[in-house]
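Remember, predicted model here, so these are calculated numbers, not experimental data. Sequence lines set the chain letters: A, B, ... in the order given, protein chains first and strands last, and positions in each chain run from 1.
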Number of protein chains: 4
Amino acid sequence: MEFKKNQTIYMQIADFICENILTEKWSSANKIPSVRELASKIEVNPNTVMRSYSYLQDEGIIYNKRGIGFFVSDDASKMIKELQRQTFIESEIPDFAKRMKLLDISLNIFEKAFKAV
Amino acid sequence: MEFKKNQTIYMQIADFICENILTEKWSSANKIPSVRELASKIEVNPNTVMRSYSYLQDEGIIYNKRGIGFFVSDDASKMIKELQRQTFIESEIPDFAKRMKLLDISLNIFEKAFKAV
Amino acid sequence: MEFKKNQTIYMQIADFICENILTEKWSSANKIPSVRELASKIEVNPNTVMRSYSYLQDEGIIYNKRGIGFFVSDDASKMIKELQRQTFIESEIPDFAKRMKLLDISLNIFEKAFKAV
Amino acid sequence: MEFKKNQTIYMQIADFICENILTEKWSSANKIPSVRELASKIEVNPNTVMRSYSYLQDEGIIYNKRGIGFFVSDDASKMIKELQRQTFIESEIPDFAKRMKLLDISLNIFEKAFKAV
DNA sequence: GTGGTCTAGACCACC
DNA sequence: GTGGTCTAGACCACA
């Protein structure tokens with residue numbers, strides 16, 4: 001796994017987990033990888049993964065069964081969407097559109113990329 | 001001037017300068033504010049502004065006349081676009097489109113925002 | 001460590017590091033001293049060392065593992081030579097030879113010094 | 001005239017003048033260009049040229065006739081050589097030779113450049 | 001522990 | 001006045 005340097009690693013991991021939940025690769029009520037397992041897989045310090053899990057737990061997206069592991073909450077997808085949609089629409093989209101205009105990038109290019117995902 | 005906390009201040013200042021160049025508020029071959037001047041205006045330490053200027057100078061977007069000040073390069077807009085377009089199209093747009101899909105945000109919403117800028 | 005006053009300290013530190021790499025005192029893929037460590041060793045402000053490291057990182061000569069430290073790039077020696085050889089041969093050598101002639105210094109004197117290194 | 005940025009402009013001008021004296025382009029007892037004249041020719045602030053002249057005057061290489069201008073001293077070449085030879089041989093040559101060795105540059109390359117001047 | 005950023009304040013050379 | 005460098009000291013995120 002590669003990380004961008006303008007964002008903290010633990011947040012990028014959290015995003016990665018959210019993505020897996022939204023795409024249902026990691027589905028509700030199933031156990032997600034242990035801290036050590038994920039850490040060794042993506043070659044990162046276990047503390048860093050722990051931090052991502054703690055953050056998501058605070059947000060209610062995953063929960064912990066002592067001695068067993070972390071699990072995806074029942075309404076995880078819904079919570080993620082609620083958490084991100086508003087700021088996304090109100091803040092990130094306008095900023096993004098503005099940058100596109102400044103760089104002379106047409107709506108077409110974006111539409112193609114959107115449909116290609 | 002207000003700063004977001006998920007990005008470094010000096011990069012936000014650099015972006016701010018690029019924006020001023022792209023919108024031609026600061027035009028080619030004209031002097032831009034001195035380090036101290038801009039620093040006091042946006043209430044930031046001169047060293048921080050200096051860092052932004054140095055970065056932009058390294059990129060060839062502005063240049064320096066000894067003892068006089070910084071000036072916008074002739075082809076600054078072009079360089080900014082070249083610098084940002086590629087990573088923007090190849091990396092940021094796909095990521096952004098992907099997030100939109102995950103959050104169930106339709107293309108319509110984006111188009112409206114784009115036209116509203 | 002002593003510094004000449006006609007050159008900036010941070011560039012002299014960068015040169016010092018390059019020299020250590022070229023002479024293989026600091027070898028590829030090994031960790032180099034931390035910013036604070038080197039700073040206290042050569043009695044300089046950590047910011048100054050940081051600046052040297054950043055410069056060398058921009059040039060690709062060293063790289064950083066987050067939270068761990070700086071490391072010598074695999075092809076560091078090659079990069080240093082590429083970086084310095086061209087300007088050295090095309091610009092510094094002719095200038096130097098010219099000054100020698102102007103000062104009536106014979107090639108012999110230089111050859112002796114060269115062999116004595 | 002182009003200036004290197006790792007050296008002060010007024011010293012580069014002083015070197016330029018010394019060169020002209022050593023090569024006898026500006027010969028002894030002849031008037032050298034006025035401060036303003038040289039300044040406009042090499043596109044530099046007159047203060048900067050004045051500084052170079054003052055420096056050379058302090059060293060005794062040129063002298064001033066009030067209201068008339070600056071002149072090359074009779075023994076200017078000799079003074080320049082005396083001023084520069086010692087530090088050149090004792091300090092600059094060894095440093096230069098050392099850098100050449102580190103960059104794997106052979107004596108041959110230097111010799112060719114020396115003869116080509 | 002590591003790097004990274006920022007502030008405050010100083011000094012210098014140059015224009 | 002201008003940029004450029006350096007110090008001292010602080011705080012933060014990350015491992």
Separation of [X] atom [atom1] from [N] atom [atom2], in whole Å?
| X | N | atom1 | atom2 | value |
| --- | --- | --- | --- | --- |
| B/Phe70 | F/dG1 | CZ | P | 17 Å |
| B/Met50 | F/dC6 | CE | P | 12 Å |
| D/Ile9 | E/dC15 | CD1 | C1' | 9 Å |
| C/Lys31 | E/dT2 | NZ | C1' | 8 Å |
| B/Ile13 | E/dC6 | CD1 | P | 8 Å |
| B/Tyr10 | E/dT7 | OH | P | 13 Å |
| A/Leu38 | F/dA15 | CG | P | 13 Å |
| B/Tyr53 | F/dT2 | OH | P | 11 Å |

Closest to the 5' end of DNA chain F, once B/Pro33 and C/Ile68 are matched to their nearest nucleotides, is B/Pro33
Note: for B/Glu37 and C/Glu43 on DNA chain F, the residue whose nearest nucleotide lies more 5' is B/Glu37
Between [options], which nucleotide has the shortest distance from any of its atoms to the side chain of [X]?
| X | options | answer |
| --- | --- | --- |
| C/Val35 | E/dC6, E/dG3, F/dA13 | E/dG3 |
| C/Ser34 | E/dT2, F/dT2, F/dT5 | E/dT2 |
| C/Arg51 | F/dT5, E/dC6, F/dG3 | F/dT5 |
| B/Arg36 | E/dT2, F/dT2, E/dC6 | F/dT2 |
| B/Thr48 | E/dC6, F/dT7, F/dT5 | E/dC6 |

Classify [X] by what it touches in the nucleic acid, base, sugar-phosphate, or nothing, heavy-atom distance under 4.0 Å.
| X | result |
| --- | --- |
| D/Val44 | nothing |
| A/Asn45 | sugar-phosphate |
| A/Asn47 | nothing |

Evaluate the side-chain proximity of D/Tyr55 to D/Glu59: yes if any heavy-atom separation is below 4.5 Å, no if none is.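 Side chain of D/Glu59 against side chain of D/Tyr55, heavy atoms only: contact under 4.5 Å found.
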If you find the nucleotide of DNA chain E closest to C/Asn64 and the one closest to B/Gly67, which residue's nucleotide is nearer the 5' end?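 Residue closer to the 5' terminus by nearest nucleotide: C/Asn64.
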Using the six-membered ring wherever Trp is involved, compare the ring planes of [X] and [Y] and label them parallel, tilted or perpendicular (cut-offs 30° and 60°).
| X | Y | value |
| --- | --- | --- |
| A/Phe16 | A/Trp26 | perpendicular |
| D/Phe96 | C/Phe96 | parallel |
| A/Tyr53 | A/Phe70 | perpendicular |

Carboxylate-amine/guanidinium contact D/Glu19 C/Lys98, below 4.0 Å: yes
